[in-house]
Every structure is written in structure tokens, then in C-alpha cells.
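This one's a predicted model, so the numbers in the text were calculated from it and none came from an experiment. The figures here come from the full heavy-atom set of this structure, side chains too, leaving out hydrogens, waters and symmetry mates. Labels below follow one simple rule: chain letters A, B, ... track the order of the sequence lines, proteins then strands, and each chain is numbered from 1.
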Amino acid sequence: MNIIRYQDPELATWSPLNRLASLREEMNRLLDGSLAGFTENVGLFGGWSPSVDVFQDKENVYIKAELPGMKKEEIEITFQDGILTVAGERKQESEVREGESFRSERSFGKFHRSVSMPTKVDAERIKASYKDGILTVELPKSQEAKAKQIEVSVS
Amino acid sequence: MKPVANTLERSQTSRMPAWELPPANIREEQEAYVLELEMPGVPKDGIEVTVENNELTIVGHRSDTQPQGEVVYRESRHGDYRRSFEIDTSIDTAKIVAKMEQGILRLTLPKAESLKPRKITVVD
């Protein structure tokens, strides 16, 4: 049995997501451990988990991650064993600390997302750009993967 | 006192197209209220800010709604953003400043002159 401390809703910083997250954690603890482990790894609750899209055309695989309010230098992109990982930390500006906050829905902190590639890609030619808060990673498909594609479309 | 109240419930139900609701932070500074909205995918010219009958409405149009090629996996939503806030007379609506930077819209809502802290000097 866990005791949840009561907080005056008028006094506390308004943050529905944090409350949802703690509720979720409590529920997971009650039910069983496996679910809790899953959500912690994915970072869906408690941390920050930017949404990620994966597209592909004949030439490339595209990964798009919604990372509003970051600095280019703060985004870390790595590619290993067919898995692209985007990680970083979104820091709350220090000036935010001053003054009273009466709505706080944005998430801050560390994030980490990994995407496994649908086909083989050429790791040497991966390109990334960051515009309007969206990170786009372009991963050219390897010659091998492209040849396979053609084979499939013919048969 | 709530100079910037949320009116999303009302605006969400009265409008049919599925608008994305951008997460917002609001804080009070000495001279102004600062409202930040997360709208990734919206360029500077995709922002519309209107004030009508004490209702501040922010609309953000995304620049790229069409995915490149075929969708393998999608988590993001692709609708445009919209959110409304009720503002009271303590905000000088003529002096609202908007700034868009990497998907974050930052609105500075200056407090009306009458509410700002004032230093009064004593005259002989």
C-alpha cells in the first residue's frame, strides 16, 4: 500500500501530465512489474518522449522526430547495427525560474528514442536537418536493399 | 486572479476539424505574462494570433502535411494547431509580441500600465 501525499491543487504548479504519470506508476506497481518496466524504458510517462515518424521511398528512409525548442547542438544522433537513436536533453531556460508559473504542460528533461530500420541503409551517407522544431534524418537505402526491392516488384 | 484562463473545452467542441491542442506553459513576469506553445512543424508565417472579445486565439498551420513516400510508422498527428485563452483587461492586447523559434511560439502579453508596479517619488 502506498500513501500518496495530498497536494492543494491551487497551490501546486498545474501539471496534469505529471499527475497522470504518477497515477500510472502507482497503478503499475499495483498490477505487476512488467508494464512498469515497459513504460519506463519507452519514457512515455514520467520523462519526455518525442513522437517519431518513419517514412520510406525508393531511395531513402526518413525519420522525423518532433523536438520543439531544442538547440541543434543538443540533439545526438547515432546509428549502429541498423538502429538509429535520437537522444538529448531539453533544458528549461533558467529565466523561467523567476516569476509565478500557472500553467505547465511542456515536458523537459532527457529523451531517448530508437528506431530500427526497415531495410539496410548506407550509414556513411546519413544526413540530418533541424527546422521548425522537427528533426529529419535521411538514410539512403543501400544498393543491396534497393536491388531486393526491384526483384520483389517484378515477380 | 487568472488573467489568462483556458477556454479550450469550449473551442474544442464547437469546431469540427480536429485541431491539435498544443501544450502550453504560462508564467508571470514583472512586466508581462509569457505564454509558450509547442507547435513543431509550424513555420513563422504559419502562425495566426487573434484577439477578439477578450479571447486570444492561436492557430498554427504546419508546412509539410504530406509524408515523404510511404508511411512505415507514424506517431505524430498531422492536424493544424489551435488553442484559445480567455484574457482579461489586465493585459494590454495592443502590445502583444509573438516570437516563433524552432516550433515554440512565445507570446509576451504585457500587463496594462495600471497594474505594473509603480515607483512614486516624493516631491517637496
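Of the listed residues B/Lys44, B/Arg77, B/Arg106, the one with more heavy-atom pairs under 4.5 angstrom with chain A than any other is B/Arg106.
Checking side-chain atoms of B/Glu75 against main-chain N and O of A/Val52 turns up a donor-acceptor pair under 3.5 Å. In this structure, the side chain of B/Asn25 engages the main chain of A/Arg106 through a donor-acceptor pair within 3.5 Å. Distance alone, capped at 3.5 Å, places no donor-acceptor pair between the B/Gln102 side chain and the A/Gly69 backbone. Of the possible donor and acceptor atoms, one in the side chain of A/Glu105 sits under 3.5 Å from a partner among the backbone N and O of B/Ala24.
Put simply, B/Leu35 and B/Val49 are part of the same group of oily side chains (I, L, V, M, F, W, Y) that touch within less than 4.5 Å, one to the next. By the criterion of side-chain heavy atoms lying less than 4.5 angstrom apart, applied directly or through intervening Ile, Leu, Val, Met, Phe, Trp or Tyr residues, B/Tyr73 is grouped together with A/Met117 in one hydrophobic cluster. Under the 4.5 Å side-chain heavy-atom criterion for ILVMFWY residues, a single connected hydrophobic cluster contains both A/Phe111 and A/Ile63. Linking Ile, Leu, Val, Met, Phe, Trp and Tyr residues whenever their side-chain heavy atoms come within less than 4.5 Å leaves A/Ile134 and B/Leu37 in two separate clusters. Hydrophobic clustering of Ile, Leu, Val, Met, Phe, Trp and Tyr side chains at less than 4.5 Å, counting indirect connections, keeps B/Ile26 apart from B/Ile104.
Contact annotation for A/Lys72: neither backbone nor side-chain heavy atoms come within less than 4.5 Å of a heavy atom of chain B.
The hydrophobic cluster around B/Val71 extends to A/Phe55, A/Tyr62, counting ILVMFWY residues whose side-chain heavy atoms fall within less than 4.5 Å of a member.
Residues B/Pro40 and A/Asp132 are not in side-chain contact: their nearest non-hydrogen atoms beyond the backbone lie 4.5 Å or more apart.
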| Evaluation steps, salt bridge (Lys or Arg N to Asp or Glu O under 4.0 Å), between A/Arg90 and B/Glu38 | CA-CA 13 Å; A/Arg90 184 160 66 181; B/Glu38 278 188 10; 2.9 Å; yes
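Summarising the local packing, CD of B/Glu70 is surrounded by more than 12 heavy atoms from other residues, nucleotides or ligands at distances under 6.0 Å.
The pair A/Lys131-B/Glu101 does not count as a salt bridge, with every side-chain nitrogen at least 4.0 angstrom from each carboxylate oxygen.
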